[in-house]
Trainee: 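Take a look at this one; I'll ask things after.
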Amino acid sequence: MDNINLYDILCPHKVKGYTEKHFIHHHKNDIIYNQSSSQKKIYLISKGKVKVVKFSDEGNEIIKAILTKGELFGEKALLGEGGSDEQAIAMTDNTQLCPLSVDKMYELMRENGRFSLEISKIIGFRLRKMERRLERLLFKDAKTRLIEFIRDLLEEQKERIEQQEREQSITGIEIKHFYTQGDIANLIGTTRETVTKLFNQFKKDGLLEYSRKNIIIKKKEAFLNLSSV
DNA sequence: TCATTAACTTCAG
DNA sequence: CTGAAGTTAATGA
């Protein structure tokens, strides 16, 4: 996955016909859209954190993704899919979004092949990622799920990390992230406490260290070779 | 092995 | 200062 530099392509008013006023602001827990929003739009996050959730019949929420600056959501509208029971909710105050109507999106895609390609890549990638996540939740234990979650992050930041490996000594690999332990717990279907415990266990084993902004992988090889059930 | 509860400490805004 | 995040331990499925 290359840089998700969609933000550069889309939002900074490079898009003709867009004015300053196309930003939307949300507060924490605001619903950005839900099943009944007829106005289907694609959103690009320019500030804050957003979760895409779905509610089961019992009413508990299943978190499908947690997204942040530069990332895109609402892409189901593009596929014409009735991804109906899906909601997007702001997780932070002062969440800032760029909405794009589906029509505008199509227009852009028609006019600009490069843009169109980027979008398909992102959507494809997202879908695959979600599938993998679901599979994991069904068959693996919490520890494995966390390991694979981190592997996904590694994969996503591959280019940046490889460059880092070349430039720096072998003391560690830095994965940047924006997840709290609670977020991670939600995404891998476990509890905050368990995530804490696992991170501490990894730390004790000298494999990696978690902090709010990054995860440092100390022993990549050892980590990658960890139990894959 | 892990979720749950619950009490506690630390952190960020 | 306050609420959120993170930690730790006990308990039980």
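Just so it is clear: chains get the letters A, B, ... in the order the sequence lines come, proteins before strands, and each one is counted from 1.
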Trainee: Taking all non-hydrogen atoms of both residues, which atom of A/Tyr33 and which atom of A/Glu86 are closest, and how far apart?
Mentor: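 For A/Tyr33 versus A/Glu86, the nearest heavy atoms are OH-OE2, 2.6 Å.
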Trainee: Ignoring hydrogens and geometry beyond distance, is a side-chain donor-acceptor pair present between A/Arg160 and A/Gln157 at under 3.5 Å?
Mentor: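 A/Gln157 and A/Arg160 do have a side-chain donor-acceptor pair below 3.5 Å.
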Trainee: Can you tell me how far P of C/dT8 sits from CZ of A/Arg192, to the nearest Å?
Mentor: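 Roughly 13 Å, once rounded to whole Å.
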Trainee: Could you pull out the closest heavy-atom pair between A/Phe202 and A/Lys143, with the gap in Å?
Mentor: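 For A/Phe202 and A/Lys143, the tightest heavy-atom pair comes out as CE2-CE, 3.9 Å.
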Trainee: Atom NZ of A/Lys140 and atom P of B/dT1: how far apart are they, to the nearest Å?
Mentor: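 It is 17 Å, rounded to the nearest whole Å.
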Trainee: Using the rule side-chain hydrogen bond (donor to acceptor under 3.5 Å, both in side chains), only one of A/Arg133, A/Arg132, A/Lys140 pairs with A/Glu148; which is it?
Mentor: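 So, applying the side-chain hydrogen bond (donor to acceptor under 3.5 Å, both in side chains) to A/Glu148 and each of A/Arg133, A/Arg132, A/Lys140, only A/Lys140 qualifies.
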Trainee: Determine yes or no for a side-chain-to-main-chain donor-acceptor pair under 3.5 angstrom, with A/Asp152 supplying the side chain and A/Phe149 the backbone.
Mentor: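 Flag not set: sc A/Asp152 to bb A/Phe149 has no pair under 3.5 Å.
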Trainee: Would you classify A/Tyr210 as touching base, sugar-phosphate or nothing, given that sugar-phosphate means primed atoms plus P, OP1 and OP2, and contacts are heavy atoms under 4.0 Å?
Mentor: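 Result for A/Tyr210 = sugar-phosphate.
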Trainee: Take the protein atom CG of A/Asp93 and the nucleotide atom C1' of C/dG3, then report the distance between them rounded to whole Å.
Mentor: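 One finds 12 Å between C1' of C/dG3 and CG of A/Asp93, rounded.
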Trainee: Dump every N/O contact between nucleotides 9-13 of chain B and the protein below 3.5 Å, one line per pair.
Mentor:
none

Trainee: Expressed in angstrom and rounded to an integer, what is the separation of A/Asp183 atom CG from C/dA5 atom C1'?
Mentor: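 A/Asp183 atom CG is separated from C/dA5 atom C1' by 10 Å.
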Trainee: Does the distance from a Lys or Arg side-chain N to an Asp or Glu carboxylate O, for A/Glu107 and A/Arg110, drop under 4.0 Å?
Mentor: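 Between A/Arg110 and A/Glu107 there is no salt bridge, as every charged N stays at least 4.0 Å from the carboxylate O atoms.
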Trainee: When the ring centroid of A/Tyr210 is compared with that of A/Tyr179, is the distance short of 6.0 Å?
Mentor: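 Not under 6.0 Å, so no.
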Trainee: Check the phosphate of C/dT7 against A/Gln181, side-chain N and O only, distance under 4.0 Å to OP1 or OP2. Yes or no?
Mentor: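 Answer is yes, contact under 4.0 Å.
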Trainee: To the nearest angstrom, how far is A/Ile147 atom CD1 from B/dT1 atom C1'?
Mentor: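 Distance check: A/Ile147 CD1 to B/dT1 C1' gives 14 Å.
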Trainee: Where along residues 193-203 of chain A does a heavy atom come under 4.0 Å from DNA chain B, residue by residue in number order?
Mentor: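 Result for residues 193-203 of chain A: A/Glu193, A/Thr194, sorted by number.
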Trainee: Atom NE2 of A/His27 and atom C1' of C/dG3: how far apart are they, to the nearest Å?
Mentor: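 It is 17 Å, rounded to the nearest whole Å.
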Trainee: Can you measure A/Ile215 atom CD1 to C/dG6 atom C1' for me and round it to whole angstrom units?
Mentor: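 Atom-to-atom, A/Ile215 to C/dG6, this comes out as 14 Å.
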Trainee: Between A/His26 and A/Gly48, is there a donor-acceptor pair closer than 3.5 Å when you use the side chain of the first and the backbone of the second?
Mentor: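 Between the backbone of A/Gly48 and the side chain of A/His26 there is no qualifying donor-acceptor contact (under 3.5 Å).
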Trainee: Which atoms form the tightest heavy-atom contact between A/Leu67 and A/Leu72, and what is the distance?
Mentor: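 A/Leu67 and A/Leu72 have their closest heavy atoms at CD1-O, 3.7 Å.
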